[in-house]
Amino acid sequence: MNDKIGKALVVGAGISGIRSALDLAESGYRVILIDRAPHIGGILSRLDYQFPTDRCGMCKMLPMVNRDASSQYCLRKGLFHENIELLTSTEPVSVQGEAGHYRVALRKKASLVSEDLCIGCGECVKVCPVEVPDSFNAGFTTRKAIYLPVPHRIPNTFIIDTDSCTMCGACEPVCPTGAIRLSERERRQFKILVVDDELIVRDSLKELLEDEGFSVDMAESGTAALKCLTGQKYNLMLLDIKMPGMDGVTVLRKVKEGFPDLTVLMMTAYATVETAVEAMKMGAVDYLLKPFETDVLIPKIAGIYNEFEITKARFVDVEAIVLSCGTGFFTPADGKDTCGYHTLPNVITGIEFERIVSGTGPCGGKLVRPSDGKRIEKIAWFQCVGSRDLQNNADFCSNICCMYAIKEALLAKSGTNGEAETALFYMDMRTFGKSFQRYRDKAQEEFGVRFENARIHSVVPEDGTGNLLVRYVDISGKIHEECFDMIVLAVGQRPAQGTAELAGMTGISLNPWGFAETVPFSLTETSRPGIIIGGSFSGQKDIGESVIQASAAAACASRAIIASGKNPIPESPPETILPDLLREPPHVLAVVCTCGKSILTSNDETRLSKRFETDPEVNNVIFSERICTSDGWDELVGQIIKYKPNRLLIGACLPYMYGRKLKESEKETGLNASLTEIVDIRTPAVQFSGENTGESQLVLNIERLLGMGIAKLEQVEPSITPSLPVTRSCVVVGGGIAGMTAALTIAGSGTDVDLIELSGHLGGNLKWITETIEGFSIQTLLKDTVQRIEKHPLIHVHTGTNILSSFGQAGHFITTVENNEKEVLTLEHGAVILATGGREAEITAYGHGASEAIVTQKEFEQKIATRSLDPSTLSSVVMIQCAGTREEPKNYCSRICCTVSVKQALFLKKQNPEIAVYVLYRDIMTYGFTETYYTQARQAGVIFIRYTKERKPEVVVSGPVPKVKCFEPILGENVEITADLVILAAGVVPELPAGPAFTFGASCDTDGFFLEAESKWRPVDSIKEGVFACGLAHSPRTIAESVATAEAAAQRAIRILSRNRLPSGKVTAIVRHSLCSLCGQCIEACPYGARSLDADAGKILVNSLMCQGCGTCASVCPNKSSVIEGFSTRQILEVIDAALCI
Amino acid sequence: MTITAKIDLKEQNPLAALQQFFAGILKLEDIAAILVPQRLPTKNTVMPTLVTDPSFLGDADPLAPAFLMNAARISSRLTRKPMGGKIAAVLRPCEIRAFIELVKLKQARREDIILISVDCLGAFQNKVYSKFAGQNGTESTIRFYKNVMGGNTNEMEGAEFATACKACEYPVSANADIQIGLYGMKTGESILVKAQTETGDHILKQLNLPDTNEPPARQAAINALISQRTGYRDEMFAKTRESSDSLDKMTDYFSNCVNCYNCRVACPVCYCRECVFVTDVFNHDPYQYLQWATRKGIIKMPTDTLFYHITRLAHMSTACVGCGQCSNACPNEIPLTELFRTIADKTQKIFEYEAGRSLDEKPPLSEFREDEFKEIVGIE
């Protein structure tokens, strides 16, 4: 491998790990993506539905440019990318080195099933006698000890849960491919020394452990034990504590001196447990309590054995490490108030509910209680279980629970035709994301989800029904009782398992609650350069935010890679020119794997040969015993060389396995890999096996499949993948923090940037803000950023400049701009980032403008900055939240105003503790770790009064100071507050002028913010490739969050800008101009806007980069003048014909 | 859209009045030519002609029950690109509807053409017409006019009108710039001239015709005709469905098709430059034929007949205006119009679309509505 090529390690293959890995891989870096689970997808592999679409959509993350580099199917099933090495069941064990040069040791868990050999037939499951709860379905179902970790992985190889496996060996002989390596033999090599003075203990342990397949020796005393150790190497010692002569602890000490690598497990009676604990401090790994319970003993020993079995660590050298290890969840059973979790079967957690509604879940997606099968008719969600809870050391909000609970309530509604009664018990509904408020309103108003602002008192079972009686207190203090079929606990976040170890290993710091901590104004950078945080590792995030942060993390990783002097993979030379086959008639070689005669018999072989060899275009039909083995493969290569076919059909299992192999052997065989068809004959073999339909049906089916493959090959047209030249320059519109960050990120990758700013100065909103709630200085950030921009040789700043017009597509845009001097400039660029920003909304409500004492948050901020307001002169301040927002027409949360109010309240209280500060709010949106400042504000004596949108406060300006009237729900009375100052949270509005947005091909949502291609999965992309957005133009957000969107948008642009030419997909649409009637239906129908009419030439053009080969154009075109490469009409007709021929 | 005028007939001859009216239009400064059906004396039949000299309008005969081709195609050819002037086109309502479809398919332009429709009296199948017209075509047209105006809207002198006409519920064009009305006017006395668009208004203003009001009897007559035709049509639908509701019946339906593709050539909305059925896609290998025959023991030659017709239905039934030219073109008298109209009725209803109704309605396949066909796509 080329040493100059940049490489990154991404730890955690949940969606954010996948996003970071793909972004880096698409930018031309090599990526090692690891996950400790045996599958990718993280938590989302267990969640089927995501709001706001209430569907999945993960696949939308797959590359759209140069998409053939990657697999193009369901991401829940798997991910293949030519620049990504994916290692599952793998964890980092050590990280050495420093910025730009990290050496990481990776350890893969031992797999007792060979991934290369397992074909997923499931014969092993039939014979496995062990049944344990299935953690994938949250324990609602059971599985065997040999099992599929997720139902939908590719390759879906089985794994063995060594903790529950009894090593009975039943599965080994039934495996048709010999993939199971249950290691009786290997366990024999694991030598255990049992040291105990009691013979009965020694004997029983020996018998037990030998039954488990281990080699066991015995010693009756410490002295004997030490003697044994000198004679032979042992892997494990079971050591009794209380022995005559030399006691266990002494033996341990001596052992640790002489044989430091030996693992020692203490054995103790209850009386000497404390000694055992002491022994652990001296190096014993654990202790066993006498009398032994087999259930405890065996897993413990098996666990230690597995540690040994772990294949030797592999060392990788990388320039950057992205930690996207996700979060864990609070376990209510461990909390002070369990809400009946684990004792009442119908109290479940959110993730358990997700399994109930999942089609692959315990109830097949039907909304019934797994405990008794009763239909769920009335169901409640409890919010903030383990979040916003000082008693559980959780002074934080978990960010996503409000929204997932609403989503789950809607899923419950849709799963019952709207009949289920659903109620959410909450403190504040934190709908702070883009579009969340409308989603909530829809749930409430359209679907009748009940939102109950209340505190839960208790949950008790109703007699004999399994139903649950809930006592709760509403906001006025009234106590209610209500019965539910099921209760779902929206459990809060906790640091992922192993976070502290990983932090120790990488040297990053953790916040007070144990989550990864980043540096000020960044969501991704840690105190250690090159070690980067992605996704939820620094606190739970919804999908959209995770994806944004993951792309931002990729941007930081590329920055680290570049800083260390490494480069992307050089662009590949033009494809090896293989013989031009256009005029050569097809010669097909068909190679069919009989899987050691287990699929096809000799008779079948004769039949198939006879059938296909009559086809004049099929040269030979050859049968192979096992293509998947290396011998089988070599044989195949030999046959290709011998018969010189120009088309190859392979009938075997696991079709995706062969793509890369074929590509690699292209030179040797001279066979164009794209002229190969691999037909899965294993799946039908499983479907039609044995008793169901008879063997002949199976052969017929295989014949049909092979026939289809041959028909496809005979008609395939060899083609060369088109590529488009890229103008390696970017335009960034807007010079606020988002625009500046995007510009710096892109310029950092070696690409020219034109930064266009309408006003005379860079800086945007940063110019009027002093510091963040955490106390970070914004003016320092501004000064520093502007300086870096001005110094950067690749950034060309155009202030006082506006966009006149633009046309073009990803890879090449031509944009004209005009400056204040009316000079017009034409810029050519390959991508554009819209960072046009936003501003505080204008407001006339609540008496704004009628009195000097009524100001907006921004005005207050400015008054403080200029010292034109003296807090010591104030005695009462009222803040009104959601002034003009979270109701139509501006029905969205501006996300930052609650935090700003808390910041300003704390500031006022600090300056003058005597000020009475009242915050009138609807829901306090101090999400994430900002929650702690909300707590501080309440502790500082700030009074928070809830109001509803139906009963808003009033500001009366008549006397010298304004009066604020509102309803106090806890008192249940109207109150009047005389305020020296009223501060209005007017919210954020975007400054994304429709003109520039439209000229680049982007569009705006109903509130005027940038409309994403997909709010969750492609959050900074526009539908039109090559156009991205960030900052406030995208959505209301904090500075650090704006920076993250900017880095994400920049990274998305870098994917395009990092190459001179971008290969498009092999499967793209083309136009046969001689047939085309120019009716233009294809232009209208193309969902990617990849088609246009060149009126001068009288031709329909297709941008091959934007075209995703979906085929919509081909289906609207009546005479196939629009066709999809690789799917000619004739070919498809013949495939259909072959499918119907039997 | 204000002008409604009347032209009084001399000697009960609507043709002379129409010829004069067309000449008047052609003489207007901004009209370069007029496309109008004229009798060709040598063959005694009627074909579209493009006329620039008003003195050549003496044989114009838009009322003859001859409908040799749908002139929407001709109009498309004339308007596909700017021609350097405006033309007026005298078309039947079904021709106008086909033209509208072609405009939507970008095969024609609406900008430089003034559409003039004459109330359609119906037509015979081509073969029937030549017998009917005999030696004196013009005279036969007048006879035909009186016959239809007298309420005989299905047959004349023992000859049935074309099925397409008998089932046509659009005898009057709603989309023409200028509508020339016959129904509900006193036979032989006068005809109505009505502007239906601003363009039509602009033209009529210059012609200074005597104002009139549309007689109430006109709408009543039209309604009566439509209801009669709708009845016929629905019966035709039922019968056709019965004879084509399975693959076997469909095969029988087309059993004497020789794959000549005349129906496609005659179809006004079949707009492909080259039909996929004449491309290499259907130029099968000899081995393929043998395979098919081996599999079934017997195959009918030529192959792909049903495939062709179903493809045409799939491509064009949403745009079918029911003009009947496919039946006219068929050498083997396959009842194509019946089938096309029956299928089109359903496909157009499914998409809430009506071929030729409005330029504002996009062709169904080029429009995406997120909420349609939930039962098919399975997404709610």
Side-chain angles (χ1 to χ4, degrees), chain A residues 53-55 410 413-415 417-418 585-586 611-612 614-618 707 710-711 714-715 717 1072-1087 1091 1093 1095 1098 1100 1112-1123 1128-1134 1136-1138 1140-1142, chain B residues 76 80-82 101-109 261 264 267 269-296 299 303-304 307-308 311-319 362-368 370 377-380:
Chain A
T53 57
D54 298 341
R55 294 196 274 274
L410 285 177
K413 285 276 182 195
S414 77
N417 289 325
R611 155 84 166 81
F612 291 116
T614 54
D615 184 340
E617 293 182 345
V618 176
I710 288 174
E714 286 176 346
Q715 296 297 334
E717 284 165 15
R1072 295 199 181 121
H1073 301 294
S1074 64
L1075 293 177
C1076 175
S1077 305
L1078 300 175
C1079 71
Q1081 294 215 78
C1082 53
I1083 299 176
E1084 305 267 350
C1086 177
R1091 289 179 159 253
L1093 171 72
I1100 305 270
T1112 309
C1113 52
S1115 65
V1116 297
C1117 179
N1119 72 336
K1120 313 300 164 223
S1121 42
S1122 182
V1123 286
S1128 75
T1129 312
R1130 174 123 183 230
Q1131 179 189 38
I1132 298 303
L1133 288 177
E1134 299 213 350
I1136 293 172
D1137 205 60
L1140 298 175
C1141 84
I1142 296 167
Chain B
S76 140
R80 204 162 45 87
K81 287 178 182 169
E101 283 305 295
L102 291 171
V103 172
K104 287 196 258 188
L105 293 165
K106 307 205 170 46
Q107 304 302 301
R109 289 163 58 258
Y261 306 140
R264 167 180 63 77
C267 178
V269 288
C270 236
Y271 67 97
C272 288
R273 263 200 204 176
E274 188 176 27
C275 178
V276 67
F277 279 87
V278 300
T279 64
D280 270 356
V281 172
F282 289 90
N283 188 9
H284 308 293
D285 285 343
Y287 170 72
Q288 184 68 274
Y289 290 107
L290 185 60
Q291 280 282 101
W292 285 328
T294 312
R295 193 193 317 157
K296 296 188 169 171
I299 51 170
T303 56
D304 302 319
F307 194 4
Y308 159 73
T311 303
R312 228 173 72 76
L313 281 165
H315 289 166
M316 300 325 307
S317 70
T318 52
K362 284 186 174 179
L365 290 189
S366 57
E367 193 180 32
F368 175 68
E370 206 166 341
V377 297
I379 296 173
E380 283 168 25

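In what follows, every chain begins at residue 1, and chains take the letters A, B, ... in the order their sequences are listed.
Counting heavy atoms from C-beta on, the side chains of Phe277(B) and Asn1119(A) never come closer than 4.5 Å. Within the 4.5 Å cutoff, the side chain of Trp292(B) has heavy atoms near those of the Asp1137(A) side chain. Contact check for Leu1075(A) versus Glu274(B): side-chain heavy atoms found under the 4.5 Å cut-off. Within the 4.5 Å cutoff, the side chain of Glu1084(A) has heavy atoms near those of the Lys362(B) side chain.
Only the side chain of Glu617(A) comes within less than 4.5 Å of a heavy atom in chain B; its backbone stays farther off. In this structure, chain B has no heavy atom under 4.5 Å from any part of Cys1086(A). For Thr614(A), the parts sitting under 4.5 Å from any heavy atom of chain B are the backbone and the side chain alike.
The heavy-atom pair separating Ala1085(A) from Leu365(B) by the smallest distance is CB-O, 4.2 Å. Shortest non-hydrogen contact noted between Arg295(B) and Leu1140(A) is NH1-O, 4.2 Å. Between Val281(B) and Arg1130(A) the shortest heavy-atom distance is O-CD, 3.3 Å. Closest of all the heavy-atom pairs between Leu1078(A) and Lys106(B) is O-CB, 3.6 Å. Considering every non-hydrogen atom in both Gln1081(A) and Pro363(B), the closest pair reads OE1-CB, 3.5 Å. Minimum interatomic distance between Ser1077(A) and Tyr271(B) (heavy atoms only, all atoms of both residues): OG-O, 3.2 Å.
How far CG of Asp285(B) is from CD of Gln715(A): 7.0 Å, rounded to the nearest 0.5 Å. Between the SG atom in Cys1079(A) and the NZ atom in Lys104(B) there is a gap of 13.0 Å [rounded to 0.5 Å].
Of the listed residues Asn283(B), Thr311(B), Leu102(B), the one with more heavy-atom pairs under 4.5 angstrom with chain A than any other is Asn283(B).
The environment of CZ in Arg80(B) is sparse: at most 12 heavy-atom neighbours from other residues, nucleotides or ligands sit within 6.0 Å.
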